Protein chains: 2
Amino acid sequence: MKLVAVDIRQAASAADIVYDALRKAIIEGDLAEGENLRQDQIAQMFNTSRIPVREALSRLEQHGLITTERYKGAVVAGLSIEEIDEIFEFRALVEAEVMRLAVPNLDQDTLAEARRHCAQFALETGSARWGEINRSFHYSLYAASKRPYYLQIVRTSLDRIDRYLRAQLTLTNGVIRANREHEAILAACLQGDAELASRLTRDHVLDAGRSLVAFLKDQRT
Amino acid sequence: MKLVAVDIRQAASAADIVYDALRKAIIEGDLAEGENLRQDQIAQMFNTSRIPVREALSRLEQHGLITTERYKGAVVAGLSIEEIDEIFEFRALVEAEVMRLAVPNLDQDTLAEARRHCAQFALETGSARWGEINRSFHYSLYAASKRPYYLQIVRTSLDRIDRYLRAQLTLTNGVIRANREHEAILAACLQGDAELASRLTRDHVLDAGRSLVAFLKDQRT
DNA sequence: GATAGGAATATTGGATCCAATATACAATAT
DNA sequence: ATATTGTATATTGGATCCAATATTCCTATC
């Protein structure tokens, strides 16, 4: 018997599909902050009932991507400047540590992959994919840390501010700076200098945060 | 008109109540790891239908407290030694930073409250409340950091291992050591020495982790 | 014209019902 | 006796229905 076995346990439920789609839409900024999420409307869009939608919304709320009020419904969560600042500060702490832990485990394949993402980031001109490639670059390195719990935290904290990060990359000249910093991080990794890579990662995140906060402070006046 | 105004928006839904109860039961170890969670059974216990139960289970899964498999149901999540180790390492990183950020903001009232919790921890003989008082002690100090996002992360990571931490406190002589360490942290806070308080917090968490891992390695052979 | 009150509508939360899947167990064949 | 198949039961996921609450809009009153 020759057939490719798939693990059927991971078949996605309707709630999973709705959750993934909404998460993506929020992260990428397709759903604006403050926008109402009507259960009925979403259910119709996915050709399903409200039950899986409610489950998806409940999950999104747990991750802070939406806020809900009883009998009033869900809206895409917004963040204050202070909250954004805090999340960037937190990310700097955790991602710097993850980078430090990753460096000793980096092998040639991983480094090659990271270099690919880095190059791709520099080449990409459309804003749509910067956020995604940026993630891929960092994740490819972080994965070597072999710290699944840390990575999950990194993912959820990135989720919260990704929308703003994309705006920052696009609207300021963040891409040029980000690319320069990516190359520096990659160079440190190639040299096996964990401390340097960690410090550069920390600065990279804090830089982006500062730039974003400045941008938003200007915009929100 | 004289009455205490309550914000009715935060009235708990059935799903909230079920979620809180299950979370508490898992954290406190009343539900053993691997135990099945039948929707129908839980619904009957709370005099409700399965809908709110399903929502509660979905939320618990997002926080890693249970694992579910499609059409098979939910079980209380267990952690491997490696996972426990990783979470303690992570907590050490984050809680040390939170402590560092908290010290400059500590005022007399907060310190008095922390001292109360610390004393209460030393006096308590029954194992049941150690976990709770331990949390209260640390949270009372952490709150001064004014970093709600960090605190939420600390809470969820503590949730994951609280069950094991309680076992460690109870079954080894962890309480004596923990209490000594609490007093040292408190002293550092009173002196306003953020670096010291941070380092002691880090060691406190790592100590507990090492002790727990040693205990579990022995037990799980 | 502005405002308070109330009916009509929309929306959410929860209960019940049905379909899909898993599990337990009996029946049958080897 | 053991393994395999089929069937009954249990359980979950999703759809539909009902109740509780919020929102809208209309009307009456000043």
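Please read all numbers here as calculations on a predicted model, not as lab measurements. Here is the naming used below: chain letters follow the sequence lines, and residue numbers restart at 1 for every chain.
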- Item | Distance-minimising heavy-atom pair for A/Leu106 and A/Leu111 | CD1-CD2, 4.1 Å
- Item | Rounded interatomic separation in angstrom, taking CD from A/Glu55 and P from C/dG13 | 14 Å
- Could you check which of C/dT23, D/dA22, D/dT12 has an atom nearest any side-chain atom of B/Tyr71? D/dT12
- Residues of residues 37-50 of chain A with a heavy atom under 4.0 Å from any atom of DNA chain C, listed by number, are A/Leu37, A/Arg38, A/Gln39, A/Arg50
- Answer yes if the side chains of A/Glu89 and B/Tyr149 hold a donor-acceptor pair under 3.5 Å, and no otherwise. no
- Here the distance between atom C1' of D/dT12 and atom CD1 of B/Ile66, to the nearest Å, is 13 Å
- Message: Under a 4.0 Å threshold between the charged nitrogen and the carboxylate oxygen, would B/Asp162 count as salt-bridged to B/Arg166?
- Response: yes
- Message: Does atom CD (A/Gln108) have a neighbourhood of more than 12 heavy atoms from anything else shown, all under 6.0 Å?
- Response: no
- Message: Please report the distance, rounded to the nearest Å, between CZ in B/Arg54 and P in D/dG14.
- Response: 7 Å
- B/Glu69 atom CD is separated from C/dT23 atom C1', nearest whole Å, by 14 Å
- Between atom CD1 in A/Ile51 and atom C1' in C/dC17, what is the gap in whole Å? 12 Å
- Message: Closest approach to the side chain of B/Pro52, judged atom by atom: which nucleotide of C/dA15, D/dT12, C/dG13 is it?
- Response: C/dA15
- Item | Flag side-chain contact, heavy atom, 4.5 Å: A/Arg202 against A/Met99 | no
- Once you round to the nearest 0.5 Å, how far does CZ of B/Arg91 lie from OG of B/Ser157? 6.0 Å
